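No hydrogens, no waters, no symmetry mates; every other heavy atom, side chains included, goes into these values. Each chain gets a letter, A, B and so on, in the order its sequence line appears, and its residues count up from 1. Quick caveat, the model's predicted, so the values are computed rather than measured.
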Amino acid sequence: MKLDFILKSLFILIITAGKSFAQQQPPITKDKFHWGRTGNENSGYVQAVKTGNVLYISGTVAHCDSTMDVQVKGVYERIEATLKNYGLNFQHVVKENLFTTDMEGMIKHNEIRKQFYKKDWPAATWLEIKRLYLPTCKLEVEVIAHFPN
Amino acid sequence: MKLDFILKSLFILIITAGKSFAQQQPPITKDKFHWGRTGNENSGYVQAVKTGNVLYISGTVAHCDSTMDVQVKGVYERIEATLKNYGLNFQHVVKENLFTTDMEGMIKHNEIRKQFYKKDWPAATWLEIKRLYLPTCKLEVEVIAHFPN
Amino acid sequence: MKLDFILKSLFILIITAGKSFAQQQPPITKDKFHWGRTGNENSGYVQAVKTGNVLYISGTVAHCDSTMDVQVKGVYERIEATLKNYGLNFQHVVKENLFTTDMEGMIKHNEIRKQFYKKDWPAATWLEIKRLYLPTCKLEVEVIAHFPN
């Protein structure tokens, strides 16, 4: 008997055992938002999901064939529109993750982004990565926002 | 006295001052899951941590030496197994972060992923990055799931 | 009339419609932390934001011109200092996201990181990416920590 087979069997056994211990939880309530429809059925995602008092906004892109300044403005306008759909604004944003294929370009146009936050800064992480979902996009931003308790 | 020294001293002073202001919080309750053991002691992580009504699932990889379709199926099966351990399923997933070294390959095999969600899409961010923990892995997916309140 | 114009008008209409449905939420309470000041006004972020019982710590860098071992130690010391400011420690960390431009170097010096967690591992995702905010930085780590309920 090969070691590989033993390991695989053991893995299945562990998973099966795990299954039997946990009681099935009832579904959660989710308040989803997408751009005028129930979701992007092609890619398989929605623009935002609210559950409890947390709002998760998807990585947002805009005007991917344009220059960086246009993309920055477009991305934050779309995040603002998403927040507004839930009665929120940038004051409710606690975490921002920014992904770009051109960090220098993003830093150069940061003033456009900063106007949306009005000096009420979130915790943030910025990364330069190889490419986004669409090869022409230079910027994708996701945020987590919270509702009042 | 060098400016560098002044800045370092100031930094230490600030940190020290910070320490004295905050009252030590008691530990939190965490319900961890790993594959048949308490964690990956070599890398220093666990597959999932539940605290309160939130479940954080680690970046999950599978069958790293195989083709992309096999990796996609394997990754989502492992996420499904992790969710099941807590009595959850993909309905409870609110956010997905997908990291791949081959975005075109992932988009090509997205139908495999979409079957797990059954048209109940999460908020999502997809990025093409340089490499994952293991150089052979092409796909790593992490999700946040919530329990009913 | 161009299709592009119709699509744009439709988009504006949807956004406008969305606005009228959601009631404006009151602001949330945020407890921010930065290094001896209210935030980094140049980049537009703060080191950490607490809301409810969740603490979001920004992607943290340290000693960017030094070797990897020095950066690893520095990054986790700064995260520790941030946690301490809120009366927390690494026991309260539930999720870690680690971004590096040198995965092999990070893996090599993982023992330095592991000492901070004291075998109480978080859920984690590690990625090798093209570059960080500053081109000399090799490592950036963000964590989510929870307060007791």
Exercise. Do Y45(C) and W121(A) pass the ring-ring contact (aromatic ring centres under 6.0 Å, His included) test, and can you show the C-alpha distance, the side-chain angles, and the key distance before you say yes or no?
Worked result: CA-CA 5 Å; Y45(C) 83 100; W121(A) 314 125; 9.2 Å; no
Problem set entry | Contacting region of T100(A) [heavy-atom separation from chain C under 4.5 Å] | neither
Seminar exercise, completed: Between K119(A) and E41(C) the two heavy atoms that sit nearest each other are NZ-OE1, 4.0 Å
For this session: Look at the side chain of K114(A) and the backbone N and O of N42(C), then say whether any donor-acceptor pair between them is shorter than 3.5 Å.
Result: yes
For this session: Could you look at Y117(A) and say if it's the side chain, the backbone, both or neither that has a heavy atom under 4.5 Å from chain C?
Result: neither
Exercise. Should V94(A) and K30(C) be marked as a side chain to side chain contact (heavy atoms under 4.5 Å, CB included) after you check the CA-CA gap, both sets of side-chain angles, and the distance that decides it?
Worked result: CA-CA 8 Å; V94(A) 287; K30(C) 293 181 287 189; 4.1 Å; yes
For this session: Would you check if the side chain of K95(A) reaches a backbone N or O of A48(C) as a donor-acceptor pair within less than 3.5 Å?
Result: no
Problem set entry | Which atom of A124(A) lies closest to which atom of S58(C), heavy atoms considered | N-OG, 2.7 Å
Exercise. Which heavy atom of N149(A) sits nearest a heavy atom of G52(C), and at what distance?
Worked result: ND2-CA, 3.6 Å
For this session: Please flag which part of Q24(C) lies under 4.5 Å from any non-hydrogen atom of chain A: side chain, backbone, both or neither.
Result: both
Exercise. Given that the side chain runs from C-beta out, which part of L98(A) has a heavy atom under 4.5 Å from chain C: side chain, backbone, both or neither?
Worked result: neither
For this session: Output the option from E111(A), R113(A), K130(A) having the highest count of non-hydrogen pairs under 4.5 Å with chain C.
Result: R113(A)
Exercise. Quick one: does Q91(A)'s side chain have a donor or acceptor within less than 3.5 Å of a partner on I28(C)'s backbone?
Worked result: yes
Exercise. What part of K50(C) is in contact with chain A, defined as an atom under 4.5 angstrom from a non-hydrogen atom: side chain, backbone, both or neither?
Worked result: neither
Exercise. Hey, is the main chain of G44(C) close enough, under 3.5 Å, to the side chain of N110(A) for a donor-acceptor pair?
Worked result: no
Seminar exercise, completed: The interface call for D120(A) against chain C, heavy-atom contacts under 4.5 Å, is both
Problem set entry | Pair R131(C) + E104(A), salt bridge at N-O below 4.0 Å | yes
